[in-house]
Amino acid sequence: MARFSASVPATTANLGPGYDSFGLALELRNDFHAELADQWSVDITGEGAATLSRDEGNLVIVAMREVFAHVGKPDLKAAIHCENKVPLGSGLGSSSSALVGGGVLARRLLEEQDPTFALLDNELLGILSRLEGHPDNIAPALMGGFTICWKDDDEVAAINCERFDLLCPIAAIVVPSTTSLATSYSRGLLPSTVSHDDAAFNLSHAGLVAAALVSSRPDLLPHAMHDRLHHPYRLPVVKDYYPVKEILMRAGASAVTLSGAGPTIIGFIAGIDTEDALIQARSMVYDIGSEITDLGTRLEPMPLPFARSGALVTDPLELIPWADCP
């Protein structure tokens with residue numbers, strides 16, 4: 001049986017005002033491996049090894065089953081191994097990473113069975129977003145870069161997405177929490193309606209975020225990443241948000257926001273180019289790391305580049321007999 005591997009990035013969604021629409025991929029990756037088998041099985045190492053499901057409730061299996069059923073092959077099963085690095089319940093897209101990993105591996109296994117088989121990214125995005133409930137983490141995990149998702153009509157299930165190269169010379173400082181926050185709980189904190197003033201505020205700021213990211217304008221970020229749709233309702237349960245933000249801004253971050261629904265906080269660091277931005281982010285982490293961990297509520301901050309590539313699937317390597325090695 002052919003065994004395939006998928007490397008799927010962590011993601012940060014919303015980006016302040018881009019609620020349920022904007023996403024960026026981060027170079028922190030979960031690795032998934034799968035081959036067709038007679039029964040479902042899951043082995044897990046790293047993050048969540050002690051807590052994640054190893055039965056058919058595992059999200060990698062959930063995604064693979066959905067893709068197999070979608071193409072009329074519901075009886076297919078696989079043996080799966082997960083190497084997880086993305087923290088769970090952190091606002092860094094761990095569940096989306098698992099769903100995308102399962103989705104792209106299922107697609108590759110089907111291609112191996114039938115070379116004429118084709119499942120486009122937008123179709124796979126729709127399948128996986130229905131499982132997740134929203135596409136803003138699924139899209140950058142699948143496609144990489146900066147993604148914007150939308151629906152043309154609330155009554156239509158089809159999800160549209162465009163991917164853009166991230167031209168803005170920035171890197172991230174990701175500040176995970178010592179505790180997790182379930183997205184379902186965090187979404188439950190939001191009101192069912194918002195005012196026209198708040199909607200207009202977010203529209204203008206979301207436009208600034210998009211303009212900054214696709215036109216190399218990091219100077220817009222300090223003005224852009226303000227939000228009235230979800231931050232005011234979520235920040236009361238992320239009680240250390242303002243102390244962490246103050247540390248990051250004092251160190252030189254251009255903007256700070258919740259990553260997804262939180263509790264992870266993310267700072268955006270601008271540079272002359274992306275390499276310089278990452279060097280600056282690493283220097284800042286060295287300077288402020290102990291100050292952040294001394295709060296007692298945060299793990300060591302991580303300097304990370306943003307990921308140009310989404311899910312990467314690799315074919316099995318041909319093993320070279322030792323006798324043939326040079």
Side-chain angles (χ1 to χ4, degrees), residues 1-11 25 28-89 92-133 135 137-144 309-322 324:
M1 289 289 184
R3 186 172 191 257
F4 298 97
S5 299
S7 175
V8 185
T11 52
L28 176 68
R29 291 177 175 266
N30 288 338
D31 295 315
F32 305 97
H33 316 276
E35 59 187 331
L36 293 178
D38 293 333
Q39 298 295 330
W40 289 109
S41 65
V42 182
D43 180 46
I44 303 168
T45 58
E47 294 285 338
T51 57
L52 288 174
S53 170
R54 284 176 164 78
D55 59 20
E56 295 185 25
N58 183 281
L59 290 179
V60 181
I61 291 183
V62 169
M64 295 187 80
R65 285 173 64 101
E66 191 71 14
V67 172
F68 290 154
H70 179 77
V71 300
K73 297 192 174 184
D75 294 330
L76 291 180
K77 299 177 177 63
I80 299 159
H81 176 64
C82 308
E83 300 175 40
N84 294 336
K85 301 178 186 68
V86 180
L88 307 181
L92 289 172
S94 61
S95 62
S96 293
S97 176
L99 289 170
V100 169
V104 296
L105 284 173
R107 177 169 66 181
R108 186 65 189 90
L109 289 166
L110 288 164
E111 289 170 349
E112 179 71 6
Q113 283 198 326
D114 178 4
T116 66
F117 173 80
L119 181 65
L120 299 179
D121 276 353
N122 273 343
E123 187 176 0
L124 183 57
L125 173 71
I127 295 170
L128 301 179
S129 296
R130 286 191 289 274
L131 295 174
E132 177 80 340
N137 279 304
I138 294 287
L142 179 62
M143 301 175 180
S309 300
L312 300 171
V313 179
T314 56
D315 291 357
L317 296 175
E318 292 184 7
L319 297 179
I320 303 173
W322 284 106
D324 295 340

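This one's a predicted model, so the numbers in the text were calculated from it and none came from an experiment. Numbering starts at 1 and runs along the sequence shown.
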Shortest non-hydrogen separation from [X] to [Y] and the atoms involved:
{"X": "F32", "Y": "G101", "value": "CD1-CA, 3.7 Å"}
{"X": "I44", "Y": "S53", "value": "CD1-O, 3.7 Å"}
{"X": "L99", "Y": "L128", "value": "O-CD2, 3.6 Å"}
{"X": "G310", "Y": "R29", "value": "O-NH1, 3.0 Å"}
{"X": "P87", "Y": "S94", "value": "O-CB, 3.5 Å"}
{"X": "E47", "Y": "L88", "value": "OE1-N, 4.3 Å"}

State, yes or no, whether a side-chain contact exists between [X] and [Y] at a heavy-atom distance under 4.5 Å.
{"X": "K85", "Y": "T45", "answer": "no"}
{"X": "T116", "Y": "E111", "answer": "no"}
{"X": "V8", "Y": "L142", "answer": "no"}
{"X": "W40", "Y": "M64", "answer": "yes"}
{"X": "E112", "Y": "L36", "answer": "no"}
{"X": "E132", "Y": "S95", "answer": "yes"}
{"X": "V104", "Y": "F4", "answer": "no"}

Would a distance-only check, ignoring hydrogens and angles, find a side-chain to backbone donor-acceptor pair under 3.5 Å from [X] to [Y]?
{"X": "N58", "Y": "V60", "answer": "yes"}
{"X": "R3", "Y": "D315", "answer": "no"}
{"X": "D43", "Y": "H81", "answer": "no"}
{"X": "S129", "Y": "L125", "answer": "yes"}
{"X": "D31", "Y": "E83", "answer": "no"}

Legend entry - Chi angles and distances behind the side-chain contact (heavy atoms from CB on, under 4.5 Å) call for L52, N84: CA-CA 11 Å; L52 288 174; N84 294 336; 3.5 Å; yes
Inset, instruction - Look up atom CE in M143 and atom CG in L124, then write down how far apart they are to the nearest 0.5 Å. - result: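 Here the rounded value is 8.5 Å.
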Inset, instruction - Look up atom CG in N30 and atom CG in L92, then write down how far apart they are to the nearest 0.5 Å. - result: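 Rounded to the nearest 0.5 Å, the CG-CG separation comes to 10.5 Å.
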Inset, instruction - Show the numbers, then the answer: is there a side-chain contact (heavy atoms from CB on, under 4.5 Å) between E123 and H70? - result: CA-CA 10 Å; E123 187 176 0; H70 179 77; 2.7 Å; yes
Inset, instruction - Report the C-alpha distance between L119 and L110 in whole Å, list the side-chain angles of each, state the deciding distance to 0.1 Å, and finish with yes or no for side-chain contact (heavy atoms from CB on, under 4.5 Å). - result: CA-CA 9 Å; L119 181 65; L110 288 164; 5.9 Å; no
Inset, instruction - Please check if atom CG in D55 has more than 12 non-hydrogen atoms from other residues, nucleotides or ligands closer than 6.0 Å. - result: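 More than 12 within 6.0 Å, yes.
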Inset, instruction - Determine, for D121 against R107, whether the closest basic-nitrogen to carboxylate-oxygen distance falls under 4.0 angstrom. - result: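 Counted as a salt bridge, because a side-chain N and a carboxylate O are separated by less than 4.0 Å.
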Inset, instruction - Step by step, work out the side-chain contact (heavy atoms from CB on, under 4.5 Å) result for K73 and V67. - result: CA-CA 9 Å; K73 297 192 174 184; V67 172; over 6 Å; no
